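Report on one structure; see the data block that follows.
Computed from a prediction, not measured in an experiment: that's the story for all the values here. Letters A, B, ... mirror the listed sequences (proteins, then strands); counts begin at 1.
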Number of protein chains: 2
Amino acid sequence: MNNHDTHVGGPDLAALAVLLADGTRADFCLALLDGRAWTATELARHAGVAASTATGHLNLLVSGGLLTQERQGRHRYVRLADPDTAELIEKIASMAPRRADPPRSLPAANRSRALARARTCYDHLAGALGVAITEAMTDRGLLDWEQGLTLTSDGTAWLAELGIALPPAARRPPVRSCLDWTERRPHLAGAVGAALCRHAFDAGWITRIGTNRAVALTDAGERALKDRLGLAVQPQTPVS
Amino acid sequence: MNNHDTHVGGPDLAALAVLLADGTRADFCLALLDGRAWTATELARHAGVAASTATGHLNLLVSGGLLTQERQGRHRYVRLADPDTAELIEKIASMAPRRADPPRSLPAANRSRALARARTCYDHLAGALGVAITEAMTDRGLLDWEQGLTLTSDGTAWLAELGIALPPAARRPPVRSCLDWTERRPHLAGAVGAALCRHAFDAGWITRIGTNRAVALTDAGERALKDRLGLAVQPQTPVS
DNA sequence: GGGACGCTTCGACGGGGGCCGAAGGATCGC
DNA sequence: GCGATCCTTCGGCCCCCGTCGAAGCGTCCC
C-alpha cells in the first residue's frame with residue numbers, strides 16, 4: 001500500500017481520477033457529455049460491455065459524485081451531476097491524447113462525420129457549427145477575447161433580442177471557452193452557451209440525429225444564423 | 001479487455017486519468033503544484049516510497065506529457081509541463097474529496113498550518129494570504145467578478161504601478177479564479193496571478209519556508225500590502 | 001397470468017500494476 | 001582514485017480490478 005505523507009485534509013486527487021481512469025467509465029462520461037440522461041443498458045451497449053459490468057461502473061460513478069441517477073420503473077437513468085462535472089470532463093478530454101482507433105464501420109464513420117459537423121457538448125453547441133457560431137459572434141463584436149472570454153454589451157443586447165436573459169451571476173461563469181476536440185478551436189460554453197443551445201433547439205434551428213450527440217442544422221436554423229449573425233452554413237438533412 | 005465503441009480519434013480520457021489515478025503519482029503532482037522543479041529523491045521521500053518506485057512513476061508522468069524533466073549531473077529534475085497542466089490538476093483537486101488523514105506529527109501539523117496561511121499554488125499565491133489579496137483587490141475595484149473574472153482598467157493601472165506589465169493576450173487567460181482548498185474561496189490565478197506572485201518574491205514581500213509550498217509574509221510585505229491595498233495582515237516569522 | 005425486459009448480485013477468472021530490495025551505472029566531492 | 005549520492009534496471013511478490021455469464025428480482029405490457 002501507500003504511505004501518503006500529505007497535508008491533513010488535502011484533496012484526494014487519485015480518488016477522483018480513478019473514476020475516470022477506466023476506458024469503459026471514460027466512455028460513459030464522454031457519452032453523457034451530451035447533457036442527457038442515459039439508461040444503464042444504453043451505456044452498456046455504447047461501450048460494448050455486459051449489463052452487469054455497466055452496473056458496477058455506474059455504482060462507482062454515482063457514489064463518487066460524478067453522476068446522479070434517477071429510477072423510473074425498471075429503468076435507471078444517469079446523467080452528469082452538474083455543469084462543474086461536465087467542465088471537469090471537458091478539461092481532461094481537451095488535454096487527453098487522441099485515440100488511435102481504426103475506423104470501424106460505415107455507419108460509425110458517418111455518425112462520426114455528423115458529430116464533427118455539429119453536436120452538443122454537455123449543454124452547449126460544439127463541432128464545426130459551434131465553432132462557426134462562436135467565431136461569427138466574435139466577428140460581430142458580441143464576444144471579446146482580449147482578456148479571457150467576456151460577453152460585450154452588444155452581446156447582451158443580441159441575446160435579449162433572441163429572448164435570452166443573462167442569468168444572474170452565479171458560480172458558473174456566463175461565458176466560458178471550451179476547446180473543441182474535432183476543430184481544435186474554442187467554442188462557446190458556460191451559462192450563455194447553454195442558453196443559446198437551448199434556444200436553438202426550442203426555435204427549431206437544430207434537431208437531434210438519432211440518440212447520440214450529433215445534431216443537424218435545419219433550414220430554419222440556416223436562415224436564422226444568416227439573419228442574426230451573417231453566417232452562411234449549409235443545412236443538413238437529418239437522415240442517418 | 002475493452003471494446004471501445006467510440007468515435008474515431010476521440011479523446012482518450014482514461015489514458016490521461018490513469019496517470020493521476022495512483023496515490024503516489026497524485027502526491028507528486030500536488031507537490032509539483034508549487035511550480036518548482038523537484039528531484040526524484042525529494043519526491044520519493046515526500047510520498048514515502050522507494051526511489052525505484054519513484055523512477056517508474058516519473059517515467060509514466062513524463063512520457064504522458066504531464067511533466068517535463070531536465071537532467072543535471074546525477075540529478076533528475078521534474079516540473080509540471082505547463083500552466084495548462086497545472087490548471088488541470090487544480091481543477092481536479094478542487095473537485096476531489098478531501099483526504100481523511102489523521103494528523104501525523106507535530107512538525108507536519110505546523111507545516112500544515114503554515115500552508116493554510118500562505119502558500120504557492122503552482123505559480124500564484126494561495127492560502128489565507130492569497131484569498132485576502134484577491135478580496136482586497138476586488139474591494140478596490142481592481143478585479144471584477146460580474147461576468148467571469150476580469151481585470152478592470154484600475155487593475156491594469158495598479159499592476160503598472162508595481163512595474164508589472166500585462167502580458168500580451170496568449171492562450172492563457174490573464175486572470176483566472178482558482179478555488180482554494182483550505183479557504184474554500186477563490187484566489188487569483190492566471191498570468192496576472194503568476195506575475196503578482198513573482199513580484200511578491202522579487203520585492204521581498206514573501207519568502208519560502210523550508211523546501212515546501214508554504215511561504216511567509218515579511219515585514220516589507222506587510223507594509224506593501226497595507227500601502228498598496230489597505231490590507232491589514234500579520235507578518236509571519238519564517239521559522240519552522 | 002405470462003412473457004419480455006431492465007437491472008442487480010454473485011462467483012470465477014485473468015491480467016495488469018504498484019511495491020520493494022538488490023545490484024549496477026553515472027556523477028560529484030574530496 | 002574512492003566513497004557517497006542519485007538514479008535506474010530487474011526480478012519477484014501480491015493485491016486489486018475489470019470482465020463475463022448465470023441466476024434472480026422487479027417492472028411493464030399484453
Task: Residues which pass side-chain contact (heavy atoms from CB on, under 4.5 Å) with His75(A), listed by chain and number, not counting sequence neighbours - done: Thr39(A), Tyr77(A)

Task: Check ion pair Arg176(B)-Glu90(B) (N to O, under 4.0 angstrom) - done: yes

Task: Length of the line joining Tyr77(A):OH and dC5(C):C1', which is rounded to integer Å - done: 13 Å

Task: Distance below 4.0 Å between Thr24(A) side-chain N/O and dT19(D) OP1 or OP2 - done: yes

- [ ] Nearest whole angstrom, please: distance from the P of dG17(C) to the CG of Leu19(B).
- [x] 11 Å

Open item on the list: In whole Å, I'd like the distance from the CG atom of Asp22(A) to the P atom of dG17(C).
Closed with: 12 Å

Open item on the list: Please report the interatomic distance CG(Leu149(A)) to CG(Leu188(A)), rounded to the nearest 0.5 Å.
Closed with: 6.5 Å

- [ ] Identify whether any heavy atom of Ala40(A) sits under 4.0 Å from a base atom; if not, whether one sits that close to sugar-phosphate; answer base, sugar-phosphate or nothing.
- [x] sugar-phosphate

Solution key, residues 53-67 of chain B side-chain donor-acceptor pairs under 3.5 Å, sequence neighbours excluded:
unit_1, atom_1, unit_2, atom_2, d
Thr55(B), OG1, Ala51(B), O, 3.3
His57(B), ND1, Arg25(B), NH1, 3.1
Asn59(B), OD1, Arg76(B), NH1, 3.4
Asn59(B), OD1, Arg76(B), NH2, 2.8
Asn59(B), ND2, Thr55(B), O, 3.4
Ser63(B), OG, Asn59(B), O, 3.1
Ser63(B), OG, Leu60(B), O, 3.3

Open item on the list: Applying side-chain contact (heavy atoms from CB on, under 4.5 Å), can you list everything that pairs with Cys197(A), at least two apart in sequence or on another chain?
Closed with: Thr120(A), Leu125(A), Phe201(A)

Task: Whole-Å gap separating C1' (dT27(D)) and NE2 (His75(A)) - done: 9 Å

- [ ] Find which nucleotide of DNA chain D each of Val18(A) and Gln69(B) is nearest to by heavy atoms, and output the residue with the more 5' nucleotide.
- [x] Gln69(B)

- [ ] Determine: side-chain N/O of Arg71(B) to OP1/OP2 of dT8(D), distance under 4.0 Å, yes or no.
- [x] yes

Task: dC20(C) phosphate, OP1 or OP2, under 4.0 Å from Thr53(B) side-chain N/O - done: yes

Task: Interatomic distance where CD belongs to Glu42(A) and P belongs to dC5(C) [whole Å] - done: 15 Å

Task: Sequence-aligned protein contact record of nucleotides 22-30 of chain C, with B where the base is within under 4.0 Å of a protein heavy atom and S where only the sugar-phosphate is - done: -----BS--

Open item on the list: I need the residues from residues 58-68 of chain B with at least one non-hydrogen atom less than 4.0 Å from DNA chain D; give them sorted by number, or say none.
Closed with: none

- [ ] Round to the nearest Å and state the distance from Trp38(B) atom CH2 to dC6(D) atom P.
- [x] 15 Å

Task: Charged N-O contact under 4.0 Å between Arg79(A) and Asp34(A) - done: no

Task: Qualifying residues under side chain to side chain donor-acceptor pair (under 3.5 Å), relative to Thr85(A), sequence neighbours excluded - done: Asp82(A)

Task: Pairing residues for Ala21(A) by the side-chain contact (heavy atoms from CB on, under 4.5 Å) criterion, not counting sequence neighbours - done: Ala17(B), Val18(B), Ala21(B)

Open item on the list: Between P on dT9(D) and NE2 on His57(B), what's the gap in Å once rounded to a whole number?
Closed with: 15 Å

TODO: Could you tell me which residues satisfy side-chain contact (heavy atoms from CB on, under 4.5 Å) with Ala126(B), sequence neighbours excluded, listed by chain and number?
DONE: Arg119(B), Cys121(B), Asp180(B), His187(B)

TODO: Please state how far atom CZ in Arg25(A) lies from atom C1' in dC16(D), giving the value in whole angstrom units.
DONE: 12 Å

